[in-house]
Amino acid sequence: QVQLVESGGGLVQPGGSLRLACAASGSIASINAMAWYRQAPGKQRNLVALITSNGRTNYADSVKGRFTISRDNAKNTVYLQMNSLDPEDTAVYYCYADSIAWGKGTLVTVSS
């Protein structure tokens, strides 16, 4: 069973950037899709970005052009580069390995 651990969250001012990392305890090379979800207070968990094993990506409309997902199979790590952050991006961000495991989440707070 692969375990996922997110890192990189924190407090950032509007317009700033953060890079989240999701480290897996085992190989992710054969996992079809890795993804980032987020859940804001009082709201449901929604997909932010997804990357397939062959590098195809998909983004929520709200983050297109601002966020970039990538994966490093050699390091068993998935990243989420977040630029031009807005208070609406405040949420707990979760890493997800398709049909296998969820991470426990990392909090991102965008506030001045």
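Everything numeric here is computed off the predicted structure, so don't read it as measured data.
- Within the structure, the disulfide bond (SG atoms under 2.5 Å apart) test picks out the following pairs touching residues 34-112 (sequence neighbours left out): Cys22-Cys95.
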Notebook entry, point to check: For Gln3 and Val5, what are the C-alpha separation, side-chain angles and deciding distance, and is it a side-chain contact (heavy atoms from CB on, under 4.5 Å)?
Noted result: CA-CA 7 Å; Gln3 294 184 326; Val5 179; 5.6 Å; no
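- Nearest heavy-atom pair, Ala21 versus Thr77, reported as atom, atom and distance to 0.1 Å: CB-CG2, 4.2 Å.
- Once rounded to the nearest 0.5 Å, the distance linking OG1 of Thr57 with CZ of Phe67 reads 14.0 Å.
- Applying the side chain to side chain contact (heavy atoms under 4.5 Å, CB included) test to Val2 and every residue at least two apart in sequence or in another chain returns Leu4, Ala24, Ser25, Ile100.
- Closest approach of Tyr94 and Gly103 over heavy atoms only: CD2-O, 3.6 Å.
- Atom CG of Asn32 is separated from atom CG of Leu50 by 8.0 Å, given to the nearest 0.5 angstrom.
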- request: Check the pair Leu80, Val78 against side-chain contact (heavy atoms from CB on, under 4.5 Å), reporting the backbone distance first and the verdict last.
  value: CA-CA 7 Å; Leu80 185 68; Val78 179; over 6 Å; no
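- Met82 and Tyr79 fall into different hydrophobic clusters, where Ile, Leu, Val, Met, Phe, Trp and Tyr residues are linked whenever their side-chain heavy atoms come under 4.5 Å apart, directly or through other members.
- Pairing each heavy atom of Ala29 with each of Ser53, the nearest pair is O-CB, 4.2 Å.
- To the nearest 0.5 Å, atoms OG1 (Thr68) and CG (Asn83) are separated by 6.5 Å.
- Remark: Ser84 engages Arg66 in a side chain to side chain contact (heavy atoms under 4.5 Å, CB included) (not counting sequence neighbours).
- In this structure the side chain of Asp89 reaches within 4.5 angstrom of the side chain of Arg38, judged on heavy atoms.
- In this structure, Leu20 is a member of the same hydrophobic cluster as Val12, with clusters built from ILVMFWY side-chain heavy atoms closer than 4.5 Å.
- A donor-acceptor distance shorter than 3.5 angstrom exists from the side chain of Asn76 to the backbone of Ile28, with no hydrogens or angles considered.
- For Tyr96, the ring pair (Phe, Tyr, Trp, His ring centres under 6.0 Å) test picks out Tyr37, Trp102, with sequence neighbours left out.
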All N/O donor-acceptor pairs, side-chain side in residues 104-112, below 3.5 Å, sequence neighbours left out:
residue, atom, partner, partner atom, Å
Thr106, OG1, Gly9, N, 3.2

| request: Would you please test Asn58 and Arg56 for side-chain hydrogen bond (donor to acceptor under 3.5 Å, both in side chains) and show each step? | output: CA-CA 7 Å; Asn58 189 35; Arg56 185 172 299 178; over 6 Å; no
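- At a threshold of 4.5 Å between side-chain heavy atoms, the hydrophobic network of Ile, Leu, Val, Met, Phe, Trp and Tyr places Tyr93 and Leu18 in one connected group.
- Qualifying salt bridge (charged side-chain N to carboxylate O under 4.0 Å, His left out) partners for Lys64, counting only residues two or more places apart in sequence or in other chains: Asp61.
- Between the Tyr59 side chain and the Ile69 main chain, a donor and an acceptor come within less than 3.5 Å of each other.
- Counting all heavy atoms, side chain and backbone alike, Glu6 lies closest to Trp36 at CG-CZ3, 3.7 Å.
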